[in-house]
Amino acid sequence: MRDAVPRAARLLFLPTIALLVIAVFASGELAPAVRVYALVVCAVGLGLAVAGLRRAFPRASRPPRAPASRGRRPEPPRSLAQLENEAAMGIADALDLHFRLRPHLRAIAAGLLEGRRGIDLDREPEAARQLLGDEAWQLLRADRPEPRDRHARGFTPETLERVVGSLERL
């Protein structure tokens, strides 16, 4: 703080000399020169205030980052990794499709239908069916029966992609 006044004097020395020269040699142009000088004084004051605040409140130090491993894919968030795992299991097994992946897809569909269209997935099944399409509706409907063959193959990746596409279009 003690060095602020001498620093301001050093920064304002040349603008002050310029203002004095204009006042002596071009007195008719003094009004614009005073305005510019006032802007310079404000800028110097603001700069000194910011510098003082930076000294008073230094940045918090950040912990060093761990070196990134080359060629490795960054770890996805846990929920995304879990959803990817359930999608893979839903493709492989009909029981996993019904009891693991389907509840997540139903929650997503219910949220999108309610939030974007004002339609309740369970209370307005016909409107939901029209928006979702038959293929997605067959998976997401509330009264979908359990698979007869629990170890049968679930949806194909293409079918699952179409279902997700219908959710994206909502």
Side-chain angles (χ1 to χ4, degrees), residues 1-91 100-124 127-128 130-133 135-136 139-140 157-170:
M1 248 354 211
R2 294 180 191 174
D3 67 334
V5 174
R7 191 169 175 197
R10 280 193 312 268
L11 291 172
L12 291 174
F13 179 73
L14 283 178
T16 304
I17 297 296
L19 180 65
L20 291 175
V21 168
I22 291 172
V24 170
F25 292 110
S27 60
E29 302 296 323
L30 190 59
V34 169
R35 289 186 181 134
V36 170
Y37 183 75
L39 283 174
V40 170
V41 169
C42 289
V44 168
L46 185 61
L48 292 174
V50 168
L53 285 172
R54 282 190 174 172
R55 279 192 301 273
F57 302 103
R59 285 187 180 196
S61 62
R62 293 183 183 178
R65 284 190 193 185
S69 57
R70 295 179 186 238
R72 281 190 59 192
R73 180 177 150 200
E75 290 295 320
R78 184 170 185 259
S79 60
L80 179 60
Q82 181 181 1
L83 194 57
E84 286 176 350
N85 187 32
E86 289 171 358
M89 290 189 309
I91 289 170
R100 291 182 187 250
L101 182 59
R102 182 175 164 267
H104 290 294
L105 293 176
R106 272 186 57 80
I108 292 168
L112 290 172
L113 284 168
E114 182 70 32
R116 294 182 179 174
R117 306 294 178 131
I119 295 173
D120 188 282
L121 179 64
D122 294 326
R123 291 188 188 141
E124 302 170 78
Q130 286 178 356
L131 290 170
L132 289 169
E135 194 169 40
L139 175 65
L140 301 175
E158 294 79 20
T159 304
L160 187 57
E161 188 174 331
R162 286 192 300 270
V163 169
V164 171
S166 70
L167 292 176
E168 289 175 344
R169 285 189 294 276
L170 292 177

Student: Roughly how far, to the nearest 0.5 Å, is the CG atom of Leu170 from the CD1 atom of Ile108?
Tutor: 11.0 Å

Student: For residues 39-53, which residue pairs qualify under side-chain hydrogen bond (donor to acceptor under 3.5 Å, both in side chains), counting only residues two or more places apart or in two chains?
Tutor: none

Student: With rounding to the nearest 0.5 Å, note down the distance linking CZ in Arg106 to CG in Leu167.
Tutor: 11.5 Å

Student: Between CZ of Arg117 and CD of Gln130, what distance do you get to the nearest 0.5 Å?
Tutor: 11.5 Å

Student: Does the pair Leu105 and Leu160 meet the rule for a side-chain contact (heavy atoms from CB on, under 4.5 Å), with working shown?
Tutor: CA-CA 10 Å; Leu105 293 176; Leu160 187 57; 4.1 Å; yes

Student: Listed by chain and number, what are the salt bridge (Lys or Arg N to Asp or Glu O under 4.0 Å) partners of Arg169, not counting sequence neighbours?
Tutor: none

Student: When rounded to the nearest 0.5 angstrom, what is the spacing between CG in Leu101 and CG in Leu83?
Tutor: 6.5 Å

Student: Kindly say whether Glu86 contributes a backbone atom to a donor-acceptor pair with the side chain of Arg100 at under 3.5 angstrom?
Tutor: no

Student: Check Asp3 with Arg10, please: is the shortest side-chain N to carboxylate O separation under 4.0 Å?
Tutor: no

Student: Does Ala110 have any side chain to side chain contact (heavy atoms under 4.5 Å, CB included) partners at least two apart in sequence or in another chain, and if so, which?
Tutor: Leu121

Student: Do the side chains of Leu132 and Leu113 get nearer than 4.5 Å, heavy atoms only?
Tutor: yes

Student: Any chance you could measure Leu80, atom CG, to Asn85, atom CG, to the nearest 0.5 Å?
Tutor: 11.0 Å

Student: Which residues pass the side chain to side chain contact (heavy atoms under 4.5 Å, CB included) test with Ala8, sequence neighbours left out?
Tutor: Val44, Leu48

Student: Indicate the atoms forming the closest heavy-atom contact of Ile22 with Ala33, along with that distance.
Tutor: CG2-CB, 3.8 Å

Student: Who passes side chain to side chain donor-acceptor pair (under 3.5 Å) against Arg102, sequence neighbours left out?
Tutor: none

Student: Using a strict cut-off of less than 4.0 Å between a Lys/Arg side-chain nitrogen and an Asp/Glu carboxylate oxygen, indicate whether Arg162 and Glu135 qualify as a salt bridge.
Tutor: yes

Student: Between Glu124 and Gly118, which heavy-atom pair has the shortest distance, and what is it?
Tutor: OE2-O, 3.8 Å

Student: With rounding to the nearest 0.5 Å, note down the distance linking CG in Leu140 to OG in Ser166.
Tutor: 7.0 Å

Student: For residues 13-21, which side-chain donor-acceptor pairs fall under 3.5 Å, sequence neighbours excluded?
Tutor:
| from | atom 1 | to | atom 2 | distance (Å) |
| --- | --- | --- | --- | --- |
| Thr16 | OG1 | Leu12 | O | 2.6 |
| Thr16 | OG1 | Tyr37 | OH | 2.7 |

